[in-house]
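Below you'll find the structure, written out as structure tokens, and then a few comments.
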Amino acid sequence: MGDSFVTIIAIFLAAILMFVFPLMSISERTDDVSQLSVQTATTEFVDKVRTTGKLTLDDYDKYVQTITSTGNSFEVSMQAQILDENPGVKTTQAETTKIGENVYYSQFTSQIMDTLDKNGVVYLKEGDLFSTSVKNTNTTMSQQLEGFLYKVSGGNDTYSIAAEHAGMVTANGTGK
């Protein structure tokens, strides 16, 4: 009786070592590849907006298509900080340097998407700031296996694939 119990335990452990841990390793590797792909796509997307001074609906759709090609679903958040130059009262028209502070006002994802849906393009000017952050909304295979083996209970804020990139716009869009 004792030998058969030990044999069953040994077979169970062998099955775990032969199947579950390699599967976990492969699924973690898949998440790493997805992470790299999403980070690269996010960087390219933001840099294109920064260098052209405009965000088009076509560029946004291509970006979303690229990141969802990893097999995951994502929540994309965008923010445009628009430079509102406030030169102050001490400037003269002959003076090229402005006295006063530059103030930024923010447009967030819903406002940017409304403009994209209405006009097909969002124009930015030199000095504006643009940022994008993205995180997966689904549970990946790696997260499921970790939850099963380690009994880790994740909340709604758990994600394994995320990327963000931001920068200053270096060119004026042609719409203004």
Side-chain angles (χ1 to χ4, degrees), residues 15-83 104-171 173-175:
I16 289 174
L17 291 174
M18 289 175 56
F19 298 110
V20 175
F21 285 116
L23 184 60
M24 280 184 61
S25 177
I26 289 172
S27 63
E28 287 174 359
R29 180 73 167 200
T30 302
D31 282 0
D32 290 344
V33 170
S34 296
Q35 171 68 36
L36 181 62
S37 175
V38 169
Q39 182 65 49
T40 302
T42 302
T43 302
E44 290 173 356
F45 172 68
V46 171
D47 286 346
K48 183 171 185 180
V49 171
R50 286 179 51 243
T51 57
T52 61
K54 62 183 175 180
L55 166 62
T56 64
L57 188 57
D58 186 45
D59 289 340
Y60 177 76
D61 288 341
K62 286 179 184 176
Y63 169 65
V64 171
Q65 183 179 7
T66 300
I67 63 174
T68 56
S69 69
T70 62
N72 297 297
S73 57
F74 292 93
E75 176 186 326
V76 178
S77 299
M78 296 179 287
Q79 181 179 7
Q81 293 181 331
I82 310 298
L83 179 63
Y104 287 92
Y105 64 93
S106 296
Q107 290 183 345
F108 297 99
T109 305
S110 60
Q111 296 163 315
I112 293 170
M113 291 307 297
D114 287 344
T115 305
L116 274 179
D117 291 339
K118 190 184 321 177
N119 302 333
V121 65
V122 174
Y123 293 104
L124 301 169
K125 63 184 175 306
E126 188 174 353
D128 292 348
L129 303 173
F130 183 76
S131 64
T132 299
S133 64
V134 62
K135 62 182 178 180
N136 69 309
T137 56
N138 64 316
T139 305
T140 65
M141 177 67 79
S142 174
Q143 290 174 310
Q144 291 174 355
L145 288 172
E146 286 175 1
F148 173 72
L149 286 179
Y150 304 134
K151 300 294 183 207
V152 176
S153 62
N156 293 336
D157 294 338
T158 59
Y159 53 87
S160 62
I161 303 169
E164 59 183 45
H165 191 66
M168 184 176 284
V169 176
T170 59
T174 58

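- Only one option out of Asp47, Thr132, Thr40 pairs with His165 in a side chain to side chain donor-acceptor pair (under 3.5 Å); it is Asp47.
- Remark: Asn119 engages Thr115 in a side-chain contact (heavy atoms from CB on, under 4.5 Å) (not counting sequence neighbours).
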List, one per line, each side-chain donor-acceptor pair under 3.5 Å for residues 18-30, sequence neighbours excluded.
unit_1: Ser27; atom_1: OG; unit_2: Leu23; atom_2: O; d: 3.2
unit_1: Ser27; atom_1: OG; unit_2: Met24; atom_2: O; d: 2.9
unit_1: Thr30; atom_1: OG1; unit_2: Ile26; atom_2: O; d: 2.9

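- For Lys62, the side-chain contact (heavy atoms from CB on, under 4.5 Å) partners are Asp58, not counting sequence neighbours.
- For residues 71-81, the set of pairs meeting the salt bridge (charged side-chain N to carboxylate O under 4.0 Å, His left out) definition, not counting sequence neighbours, is empty.
- Going from atom CZ of Arg50 over to atom CG of Leu124 covers 11.5 Å, rounded to the nearest 0.5 Å.
- By the neighbour-count criterion of 12 heavy atoms within 6.0 Å, atom CE of Met113 is densely surrounded, having more than that number from other residues, nucleotides or ligands.
- Counting only residues at least two apart or on different chains, the ring pair (Phe, Tyr, Trp, His ring centres under 6.0 Å) pairs with a member in residues 57-83 are Phe45-Tyr63.
- Remark: Thr137 engages Ser73 in a side-chain hydrogen bond (donor to acceptor under 3.5 Å, both in side chains) (not counting sequence neighbours).
- A pairwise comparison of heavy atoms in Val38 and Ala163 identifies CG1-CB, 3.9 Å as the closest pair.
- For Gln111, the side-chain contact (heavy atoms from CB on, under 4.5 Å) partners two or more places apart in sequence, or in a different chain, are Gln107, Phe108.
- Between Val76 and Ile67, the shortest heavy-atom distance links the atoms CG2-CD1, 3.8 Å.
- Of the possible polar contacts, one joining the Asn136 side chain to the Ile161 backbone as a donor-acceptor pair under 3.5 Å is found.
- Considering every non-hydrogen atom in both Ser160 and Gln143, the closest pair reads N-NE2, 3.6 Å.
- The side-chain hydrogen bond (donor to acceptor under 3.5 Å, both in side chains) test applied to Thr56 returns Asp59, not counting sequence neighbours.
- Atom CD of Gln144 is surrounded by more than 12 heavy atoms from other residues, nucleotides or ligands within 6.0 Å.
- Under the side-chain hydrogen bond (donor to acceptor under 3.5 Å, both in side chains) criterion, Ser142 pairs with no residue, sequence neighbours left out.
- Considering OG1 of Thr170 and CG of Asp128, their distance stands at 11.0 Å, rounded to 0.5 Å.
- Ser106 pairs by the side-chain hydrogen bond (donor to acceptor under 3.5 Å, both in side chains) definition with Gln79, not counting sequence neighbours.
- With sequence neighbours excluded, no residue forms a side-chain contact (heavy atoms from CB on, under 4.5 Å) with Ser69.
- A distance of 9.0 Å separates CG in Leu83 from OH in Tyr105, rounded to the nearest 0.5 Å.
- Phe130 approaches Met78 most closely through the heavy-atom pair CZ-SD, 4.0 Å.
- Tested against Asn72, the residues Asp31, Asn138, Thr139 include a single side chain to side chain donor-acceptor pair (under 3.5 Å) partner, Asn138.
- The salt bridge (Lys or Arg N to Asp or Glu O under 4.0 Å) search around Asp61 returns none, not counting sequence neighbours.
- For the residue pair Ile82 and Lys125, the shortest heavy atom distance occurs at CG2-NZ, 3.4 Å.
- Nearest heavy atom pair, residue Val169 against residue Gly53, reads CG1-CA, 3.8 Å.
- The closest donor-acceptor contact from the side chain of Ser37 to the backbone of Val33 lies at 3.5 Å or more, if one exists at all.
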